[in-house]
Amino acid sequence: MSRLPANGTVALVCMPWQPLEAPSIQLGILHALLARAGIACRSHSLHLELMAFLRSAGKDGGPLLTVGDYRVVGDFLFMHAPGEWVFANPPVRRHDRREDRRYLRLLKQAGASNALVARLERLRARIPEFVAARADDILAHEPAVVGFTTTLGQTVASLALASALKARRPELVTIFGGAGCEGVMGEALHRCYPFVDVVVRGEGEPVLETVVRAALAGEPIPALSGLCVRDPTGGTLALPVGARPPVAMDDTPPPDYDEYFERLYRLGLEHDVTPVLPYESSRGCWWGQKSQCAFCGLNGESMAFRSKSQDRVVDELLDLSDRHRVLEVTVVDNILDQRYFDSALPRLARAGLDLDLFYQTKANLSIAHLGALRDAGVRRIRPGIESLSTPQLRRMRKGVTALQNVRLLKWCAELGIRVAWNLLYGLPGEQAEESAAMAELIPLLVHLDPPALSPLTLDRFSPYFANPEAFGIELRGAPGHQRVLHDVDDRTHSALAWTFDFRLAD
């Protein structure tokens, strides 16, 4: 085995299908964290590289997939994992033509056109070429450690690249983290794929510097809370997450997005992609600490709510917008910190910038609250409206009524704030008369922002998943598409899955 480079660096990788418009906030924060610690680091926004590859690799001068196709795969069809499937080549998964044909039929039933499915099949055949080229690009900078984020349908793509990197340079240390590594998912990932050296379960900031310094020094990875590391036989040693304190938000640096913008312009994608800046002002959910919504699994195992100080939020937002000349910002928080109405929002309003901010909120805001949001540049909100039936909202533990939801939609229309909201259906306890009443109500609201009709998905870490019998739910295992992503048994498929098939007892 060859030695690690004497002055090895760290490579941080964002694989598809991260939205093209957004740099990875996970990479941005961790890059800044390592730089603050004096550790040389290079980020790789490979979702942009895939789009450049798609444009140049088609037959007869046409793209394999267009920018619009990329968005369909990564957004509209996200729950059916076509983006993961195209990367599910050996050694991650052996091809099974019968299973693949069955999967593609299901994909068409989900709304994929015959033309898109045909293009995805052609892309899948070309993915090894893309992976090999990206592995060569990364290794050209002689990293000693390569870290992957596994959010937004990136797990299989990350596995494909990690396997290629380790095949070329076995002494590399590969680290996986992100939402796809929470809990038993991370342990199963580590157990199934020997080319994954370390899995970080939970927040990465408390452990990343220590893990990286050990790897750069050629020392054993220390037994830190939540890690999955290799034991002396090459097996999995899963260290309990334990009572590790949650990250204090003021200890996290603002994200470094320089590499994303440099790559965007170098690849000539700036005319096809309008960047949006992801920003994080808090983690956890203060409402979930009181009464977790029954269907919500977004916070994984870290529900504890904490937020950045108000002045820091304003300074970082203004600095990011000015640095990158971008006004549109998506705040990725699960919920707005109510304290920001005291100082942060009025300060943003006084800054006089034409910001276009997105925030997730609760629906029980007053019109004064909404006015303060609008004045601060918040043009879009997701207020957690999931139903227009008060009984159903109570079953979901939403803490609001149908009247409050409709009133919020009305006020937002008056103030010029766009609202993204859902009508969830297929939930336990749902009554036909409640749906009928909503069907009568909806035509009266056609002058307001419309909902997306969304069937219930059963997510890991939600109360529905944690205690299905109490809600009249029967878990039926991992969704069918998991079988075309990994070569594992049914039990391991379930351990790797975030969402699950289910049936309702009623």
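Bear in mind that the values here come from a model prediction, so they are computed numbers and not experimental data.
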Identify all side-chain donor-acceptor contacts of residues 455-463 below 3.5 Å with residues at least two apart in sequence or on another chain.
residue : atom : partner : partner atom : Å
T457    : OG1  : D459    : OD1          : 3.3
R460    : NE   : A497    : O            : 2.9
R460    : NH2  : S494    : O            : 2.6
R460    : NH2  : A495    : O            : 3.3
R460    : NH2  : A497    : O            : 2.7
S462    : OG   : D459    : O            : 2.7
S462    : OG   : F465    : N            : 3.1

Acceptor/donor pairs from residues 367-380 side chains to any protein atom, 3.5 angstrom cut, sequence neighbours excluded:
residue : atom : partner : partner atom : Å
H369    : ND1  : S366    : N            : 3.3
H369    : ND1  : S366    : OG           : 3.2
R379    : NH1  : R374    : O            : 2.8
R380    : NE   : D356    : OD1          : 3.1
R380    : NH2  : D356    : O            : 3.4
R380    : NH2  : D356    : OD1          : 3.3

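Tested against F176 for a side chain to side chain contact (heavy atoms under 4.5 Å, CB included), the candidates V198, T149, L159 yield a single pass: L159. Among V326, L317, L357, T330, the single residue meeting the side chain to side chain contact (heavy atoms under 4.5 Å, CB included) criterion with L277 is V326.
A heavy-atom distance below 4.5 Å is found between the side chains of L65 and L116. In this structure the side chain of I335 reaches within 4.5 angstrom of the side chain of F305, judged on heavy atoms. When side chains are defined from C-beta on, L496 does not count as touching M185, because their heavy atoms never get closer than 4.5 Å. By the 4.5 Å heavy-atom criterion applied to side chains, L50 and Y70 are counted as neighbours. Side-chain contact between L239 and L224 is absent, with no heavy atoms from C-beta onward closer than 4.5 Å. E187 has its side chain within reach of R201: a pair of non-hydrogen atoms, C-beta onward, lies under 4.5 Å apart. The closest side-chain heavy-atom distance from Q338 to L365 is below 4.5 Å. Looking only at side-chain heavy atoms (C-beta outward), H31 and S43 come within less than 4.5 Å of each other.
Remark: the H486 side chain and the Y193 side chain contain an N/O donor-acceptor pair separated by less than 3.5 Å. For the residue pair Y260 / S24, no side-chain donor-acceptor distance below 3.5 Å is found, with atom types taken as modelled. Side chain to side chain, E259 and S45 meet the donor-acceptor criterion of an N or O pair below 3.5 Å. Between the side chains of N299 and S302, no donor N or O sits under 3.5 Å from an acceptor N or O. Side chain to side chain, W85 and D100 meet the donor-acceptor criterion of an N or O pair below 3.5 Å. When only modelled atom types and interatomic distance are considered, E316 and Y279 share a side-chain donor-acceptor pair under 3.5 Å. No donor-acceptor contact under 3.5 angstrom links the side chains of S282 and R306, judged on distance only.
Contact check on D337 versus K308 returns no salt bridge, with no Lys/Arg side-chain nitrogen under 4.0 Å from an Asp/Glu carboxylate oxygen. A salt bridge links R395 with E434: the distance from a Lys NZ or Arg NE/NH1/NH2 to an Asp or Glu carboxylate oxygen falls below 4.0 Å. Using a cut-off of 4.0 Å between Lys/Arg side-chain N and Asp/Glu carboxylate O, R407 and E414 are scored as not salt-bridged. A salt bridge is absent between R394 and E386: the closest approach of a Lys/Arg side-chain nitrogen to an acidic carboxylate oxygen does not fall below 4.0 angstrom. We find that R283 and D333 are not joined by a salt bridge, their nearest charged nitrogen and carboxylate oxygen being 4.0 Å or further apart. Of the charged side-chain nitrogens involved, none lies within less than 4.0 Å of a carboxylate oxygen, so that R93 and E99 do not count as a salt-bridged pair.
The side chain to side chain donor-acceptor pair (under 3.5 Å) analysis of residues 495-506, with sequence neighbours excluded, yields the pairs E474-R503.
Other residues, nucleotides and ligands place no more than 12 heavy atoms under 6.0 Å from the CZ atom of R491. Around the CZ atom of R339, the shell of radius 6.0 Å holds more than 12 heavy atoms that belong to other residues, nucleotides or ligands. Within a 6.0 Å radius of CG in D96, more than 12 heavy atoms belonging to other residues, nucleotides or ligands are found. The 12-atom threshold is not exceeded at CZ of R483, counting heavy atoms of other residues, nucleotides or ligands nearer than 6.0 Å.
Nearest heavy-atom pair across S307 and Y340 is CB-OH, 3.4 Å. Taking all atoms of both residues into account, the shortest heavy-atom contact from V419 to D449 is N-OD2, 2.8 Å. Heavy atoms only, all atoms of each residue included: G83 and V86 are closest at O-CG2, 3.2 Å. When all heavy atoms of F78 and G153 are compared, the closest pair comes out as CE1-N, 3.5 Å. In this structure, M51 and T66 approach most closely via the heavy-atom pair CE-C, 3.7 Å. Between Q289 and A304 the shortest heavy-atom distance is NE2-CA, 3.7 Å.
Summarising the geometry, atom CZ belonging to R382 is positioned 6.0 Å from atom CG belonging to N422; distances are rounded to the nearest 0.5 Å. Here the straight-line distance linking atom NE2 of H44 with atom CG of L27 works out to 9.0 Å at 0.5 Å rounding.
Proximity of a side-chain donor or acceptor of Q482 to a complementary backbone N or O of A478 within less than 3.5 Å is not detected. The backbone N or O of M15 lies less than 3.5 Å from a partner atom in the side chain of Q154, making a donor-acceptor pair. The backbone N or O of G288 lies less than 3.5 Å from no partner atom in the side chain of S291, so there is not a single donor-acceptor pair. Without hydrogens or angle criteria, K362 side chain to K398 main chain gives a donor-acceptor distance under 3.5 Å. Between the side chain of R418 and the backbone N or O of A413 there is no donor-acceptor pair closer than 3.5 Å. Judged by distance alone, the side chain of Y103 and the main-chain N or O of H80 form a donor-acceptor pair under 3.5 Å. Between the side chain of S309 and the backbone N or O of D250, no donor-acceptor pair lies under 3.5 Å. Side-chain atoms of E203 come within 3.5 Å of backbone atoms of V247 as a donor-acceptor pair (strictly under, hydrogens ignored). No donor-acceptor distance shorter than 3.5 angstrom exists from the side chain of D256 to the backbone of A32, with no hydrogens or angles considered. At distances below 3.5 Å, not a single donor-acceptor pair connects side-chain atoms of E84 with backbone N or O atoms of A88.
Between W17 and F87, the two ring planes are perpendicular [angle over 60°; tilted spans 30° to 60°]. Ring geometry, H324 versus Y257: the interplanar angle falls from 30° to 60°, so the pair is classed tilted.
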(request) Apply side chain to side chain contact (heavy atoms under 4.5 Å, CB included) to L33 and E209, showing your working. (result) CA-CA 8 Å; L33 184 78; E209 181 183 343; 5.6 Å; no
(request) Starting from the C-alpha separation in whole Å, work towards a yes-or-no answer on side chain to side chain contact (heavy atoms under 4.5 Å, CB included) for V229 and D197. (result) CA-CA 6 Å; V229 297; D197 295 312; over 6 Å; no
(request) Start with the C-alpha gap between W421 and L408, add the side-chain angles, then the distance that decides, and say whether side chain to side chain contact (heavy atoms under 4.5 Å, CB included) holds. (result) CA-CA 11 Å; W421 63 289; L408 182 93; over 6 Å; no
(request) Just do the side chain to side chain contact (heavy atoms under 4.5 Å, CB included) check on C285 and M303 with the steps written out, would you? (result) CA-CA 6 Å; C285 180; M303 184 68 73; 3.8 Å; yes
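The six-membered or imidazole ring of Y464 lies near that of F471, with a centre-to-centre distance under 6.0 Å.
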